[in-house]
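The analysis underlying the following values was restricted to heavy atoms, covering all of them including side chains, and did not include hydrogens, waters or symmetry mates.
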Amino acid sequence: MMTPRSVTMGNKVYKLHIKHGSNKETVTLSPDCSMEELKGKIHQIFKINPEDQCLMCNGKPLQLGGNLTLKQAHIPNGSKLLLTGSQQKVRTTSEHLESSCDESL
């Protein structure tokens, strides 16, 4: 007796190749992971806030609805995603003091 294909494919893992500038990373996720989970993984790796992330797949910007899964967003396994966004800037103590002084003037 054969098992349905969807059952045997249920444990499949997606590998997504993400490029940001000259940095390249491979992320491994389940196809049922949400876009928010993908953005969280990207945040851990590239230190870009999820709200600042802009992803492109096959030359088209992705609609990053938080409730969509990778499968629902039509992101195939092995996709190359281009990430644009600005990295978080960690303010040093001197920068913080300078901005505080400017505000008080």
Side-chain angles (χ1 to χ4, degrees):
M1 185 170 163
M2 294 182 57
T3 56
R5 184 177 179 154
S6 61
V7 173
T8 59
M9 297 288 287
N11 294 330
K12 189 171 185 172
V13 176
Y14 276 20
K15 284 189 177 182
L16 303 175
H17 308 284
I18 301 171
K19 182 178 179 184
H20 176 66
S22 61
N23 300 328
K24 295 179 184 177
E25 293 289 334
T26 301
V27 175
T28 305
L29 294 167
S30 164
D32 296 323
C33 284
S34 70
M35 294 302 289
E36 289 298 318
E37 291 176 75
L38 172 62
K39 290 174 106 181
K41 274 264 206 206
I42 291 171
H43 176 67
Q44 290 174 352
I45 296 168
F46 293 103
K47 306 296 185 233
I48 297 176
N49 285 328
E51 58 271 3
D52 296 332
Q53 295 174 13
C54 180
L55 289 170
M56 296 186 73
C57 182
N58 299 324
K60 297 177 184 174
L62 290 176
Q63 302 300 324
L64 298 177
N67 295 332
L68 287 177
T69 64
L70 297 176
K71 195 183 303 183
Q72 291 171 334
H74 303 290
I75 301 174
N77 185 20
S79 290
K80 294 178 183 175
L81 304 177
L82 178 64
L83 170 66
T84 58
S86 57
Q87 291 183 337
Q88 292 178 348
K89 182 179 179 186
V90 178
R91 293 174 63 170
T92 62
T93 307
S94 61
E95 288 176 334
H96 181 69
L97 290 175
E98 288 173 10
S99 65
S100 298
C101 291
D102 292 339
E103 291 172 2
S104 64
L105 294 176

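- Atom CG of residue Leu83 and atom SG of residue Cys54 lie 8.0 Å apart, to the nearest 0.5 angstrom.
- By the criterion of side-chain heavy atoms lying less than 4.5 angstrom apart, applied directly or through intervening Ile, Leu, Val, Met, Phe, Trp or Tyr residues, Leu82 is not grouped with Ile42; the two fall into different hydrophobic clusters.
- Atom CG in Leu55 sits 11.0 Å away from atom OG in Ser79 (nearest 0.5 Å).
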(message) Determine whether Met56 and Thr84 satisfy the following criterion, side-chain contact (heavy atoms from CB on, under 4.5 Å), listing intermediate values before the conclusion.
(response) CA-CA 8 Å; Met56 296 186 73; Thr84 58; 5.8 Å; no
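- Taking CE of Met35 as the reference point, atom CG of Leu29 lies at 10.0 Å (rounded to 0.5 Å).
- Under the side chain to side chain contact (heavy atoms under 4.5 Å, CB included) criterion, Ser22 pairs with no residue at all, not counting sequence neighbours.
- Between Ile45 and Glu25 the shortest heavy-atom distance is CG2-CG, 3.4 Å.
- Asn58 pairs by the side chain to side chain contact (heavy atoms under 4.5 Å, CB included) definition with nothing, not counting sequence neighbours.
- Between Lys41 atom NZ and Phe46 atom CZ the span is 12.5 Å, to the nearest 0.5 Å.
- The side-chain heavy atoms of Lys15 and Val27, taken from C-beta on, include no pair separated by under 4.5 Å.
- Counting only distance, with no hydrogens or angles, the side chain of His43 and the backbone of Pro50 share no donor-acceptor pair below 3.5 Å.
- Without hydrogens or angle criteria, His17 side chain to Thr26 main chain gives no donor-acceptor distance under 3.5 Å.
- Pairing each heavy atom of His74 with each of Pro76, the nearest pair is O-CD, 3.3 Å.
- Contacts classified as salt bridge (Lys or Arg N to Asp or Glu O under 4.0 Å) and involving residues 68-82 (residues at least two apart or in different chains) are given here: Asp32-Lys71.
- Side-chain N or O atoms of Gln53 include one that pairs as donor or acceptor with a backbone N or O of Lys39 at under 3.5 Å.
- Scanning both residues, Leu81 and Cys57, for their nearest heavy atoms gives CD2-CB, 3.5 Å.
- A side-chain contact (heavy atoms from CB on, under 4.5 Å) with Leu16 holds for exactly one of Asn77, Leu70, Thr28; it is Leu70.
- A distance of 8.0 Å separates OH of Tyr14 from OG1 of Thr69, quoted to the nearest 0.5 Å.
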